[in-house]
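Each chain gets a letter, A, B and so on, in the order the sequences are listed, and its residues count up from 1. Values below: all heavy atoms of this structure, side chains included; hydrogens, waters and symmetry mates excluded.
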Amino acid sequence: MVKNWIEKNAYNIFMAPTILFILLMVMFPLLFTLYLSFTEWSMGTTAPRFIGLENYINLIRDERFINATGRTLFLAFGSVAIQLVLGTALAVFLNRNFKGKNLVKTLFLLPMVVTPVAIGMVWLLIYEPTLGIANHLLKSIGLDPVLWLVDRRIVLYSLMLIEVWEWTPMITLIVLAGLTAVPTDPVESAMVDGANRWQIFWKVTFPMLRPTLVIAALLRLIDALKTFDIIYSTTAGGPLFASETLNILAYTTSFSYFQMGRGSATIVLFLVVIGFASSLMIWVRRKVGIDL
Amino acid sequence: MTGLQNVNAARLLSAKQKQRKRVAMRAIFYFFMVALLLIVSFPIIWMILGSFKTNLQITDPTKFFRFEPYFGNYPEVFRRYDFFKPVLNSVIIALGSTLIGLFLGLPSSFAIARKQMKKMSIIILIVRFFPGIAFLMPWYIIFTKIGIVDTHLALILSHLLINLPFIVWVMIPYFETIPKELDEAARVEGCSTFRLFLSVILPLARPGVITTALLSIIFSWNNFVFSLVLAGGKTATLPLALFSFITYVSIDWGALMAASVVITLPILIISLVTQKYIIQGLTAGAVKG
């Protein structure tokens with residue numbers, strides 16, 4: 001009897017722990033965050049006080065929040081765009097047989113698997129105004145030193161450079177894998193027809209790569225919107241909030257200022273931004289004909 | 001006669017030229033390749049070099065690449081900054097959350113693959129897209145209430161949020177490639193679904209399991225934000241211990257770089273040994289769809 005029941009519901013039993021986990025650890029916290037976003041609460045002894053949409057209204061009027069939103073989008077779109085162009089170019093460059101190709105792939109793997117906080121620490125040393133190698137290089141070619149992480153106008157670009165270094169290899173590896181899946185017949189017949197390399201890439205290879213590129217771009221975009229470790233470990237959003245993104249702002253509001261209600265509202269709006277990007281991705285995946 | 005010789009000589013010359021051109025092209029290719037590799041691996045090389053320098057050597061541009069190696073930073077990291085504890089914490093939490101993640105995630109992704117639960121797989125994908133911060137506050141509050149902040153359990157549970165969706169997401173397409181006919185054949189032999197999963201499907205899916213296990217260990221090892229909120233003095237993981245270095249008044253660069261190498265080394269080794277699996281896992285979803 002029991003055995004029969006187990007056999008009949010085997011797949012449900014397989015699913016049960018995961019569903020339970022999602023309900024308890026994902027759904028419930030999300031709803032709780034949503035509830036907190038309508039309250040004022042500093043985690044003290046008093047209960048959260050319901051204040052309706054006040055947190056949201058205050059946020060939308062707050063320049064710091066608006067700026068953080070702009071920075072989040074700028075950093076994510078900017079770095080992913082550079083990664084795509086650079087990563088694809090490198091993949092095309094590497095797409096041939098040569099000695100040491102596997103070693104190259106392994107080295108390309110490193111930036112994205114090494115602990116982000118450790119990466120942040122090394123770049124902190126590289127960017128150090130007086131003893132860093134970045135300024136030493138500038139000096140040796142006769143340029144003025146740059147306050148990489150201290151100058152408010154430059155800090156975002158410095159962080160973008162780290163992001164590009166960290167994630168361009170991922171695009172390269174994805175495109176390389178995609179290129180090996182591209183059939184060689186069309187390329188060969190284009191060559192017979194006298195097309196040059198540039199034409200072959202744009203007219204033959206690129207269209208076949210497009211689905212891969214679109215998905216890689218969106219995956220990267222969603223992850224880039226969430227960048228936290230690199231920013232927090234190098235600048236913590238500074239100087240004077242100049243590198244503060246939504247993720248950092250939500251963290252600071254909740255866990256440094258202990259404004260739980262306002263922090264929750266920031267998180268909810270942050271989720272709206274990510275949700276928009278995610279649904280874009282799911283829509284595009286369907287559109288390019290790749291089934292979920 | 002001489003005319004023919006000339007033509008032959010010219011041919012020979014052009015063949016030689018062609019070959020020379022090919023050699024030159026290859027030289028240029030390798031030149032760019034080496035330059036590229038130097039750029040890609042430079043920060044990691046810099047980290048390793050810095051870990052063998054004294055603070056005086058780090059500040060001296062003439063000693064950027066040529067210097068007398070100093071081995072004192074590593075003992076310093078473990079002695080003065082007490083790195084044994086965070087290493088142990090990170091190992092416990094990474095292995096714990098990976099094992100539980102596999103235990104929960106593998107059967108579920110098999111069920112999703114076989115029953116073609118589209119909605120479930122979309123939910124998992126969406127969970128993967130959520131930033132950790134979205135769950136942190138409620139957990140912090142709940143974990144404080146039930147008194148498990150600063151325990152391994154709290155961190156393992158939180159790391160599951162990254163590992164479980166990742167494992168399920170990579171494994172669904174993997175299980176789908178295993179033909180259903182195998183299920184039926186096993187059932188005819190009198191295999192229960194549990195037996196089928198454990199002794200037929202899982203062994204076939206081993207490469208996928210290895211990939212997801214390795215990556216979920218790496219993700220957990222690298223995770224910073226959960227420790228920042230949920231860990232305390234007892235359970236500080238390596239990224240947190242590393243981060244606390246820069247809150248000291250003046251930065252001990254040599255020790256900081258040595259500590260960075262300590263945290264990076266296991267990942268370097270895993271990646272070097274299991275490169276193929278890691279690339280597969282990281283690029284999954286983009287190439288396979």
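- Other residues, nucleotides and ligands contribute more than 12 heavy atoms inside 6.0 Å of the NZ atom of A:Lys101.
- Heavy atoms of B:Ile124 lying under 4.5 Å from chain A belong exclusively to its side chain.
- Contact of B:Leu272 with chain A is made through backbone and side chain together, with heavy-atom distances under 4.5 Å.
- Only the side chain of B:Ile218 has a heavy atom closer than 4.5 Å to any heavy atom of chain A.
- For B:Leu160, the parts sitting under 4.5 Å from any heavy atom of chain A are the backbone and the side chain alike.
- Note on ring orientation: taking the six-membered ring where Trp is involved, the planes of A:Phe14 and A:Tyr11 are perpendicular (angle over 60°, cut-offs 30° and 60°).
- The neighbour count for B:Phe42 CZ, taken as heavy atoms of other residues, nucleotides or ligands under 6.0 Å away, is above 12.
- Only the side chain of B:Arg187 comes within less than 4.5 Å of a heavy atom in chain A; its backbone stays farther off.
- Only the side chain of B:Met257 comes within contact range of chain A, with at least one heavy atom under 4.5 Å from a heavy atom of that chain.
- The contact between B:Arg128 and chain A is made by backbone and side chain atoms together, counting heavy-atom distances below 4.5 Å.
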Inset, instruction - Decide side chain to side chain contact (heavy atoms under 4.5 Å, CB included) for B:Leu268 and A:Leu110; before the verdict, give the C-alpha distance in whole Å, the side-chain angles of both, and the deciding distance to 0.1 Å. - result: CA-CA 7 Å; B:Leu268 283 184; A:Leu110 295 184; 3.3 Å; yes

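- With a 4.5 angstrom heavy-atom cutoff, B:Ile270 does not touch chain A via any of its atoms.
- With a 4.5 Å cut-off on non-hydrogen atoms, B:Phe103 does not touch chain A at all.
- In this pair, A:Phe228 and A:Tyr232 present their aromatic rings parallel. The plane angle is below 30°, not in the 30 to 60° band.
- Contact annotation for B:Leu37: only side-chain heavy atoms (C-beta onward) come within less than 4.5 Å of a heavy atom of chain A.
- For B:Val127, the part sitting under 4.5 Å from any heavy atom of chain A is the side chain, from C-beta outward, and nothing else.
- Surrounding CZ of A:Phe98 are more than 12 heavy atoms belonging to other residues, nucleotides or ligands, all under 6.0 Å away.
- Contacts of B:Leu164 with chain A are made by side-chain atoms alone, with heavy-atom separations under 4.5 Å and no backbone atom involved.
- With a 4.5 Å cut-off on non-hydrogen atoms, B:Tyr30 touches chain A through its side chain but not through its backbone.
- Comparing A:Leu103, A:Asp229, A:Thr33 by heavy-atom pairs within less than 4.5 Å of chain B, the highest count is held by A:Asp229.
- With a 4.5 angstrom heavy-atom cutoff, B:Leu240 does not touch chain A via any of its atoms.
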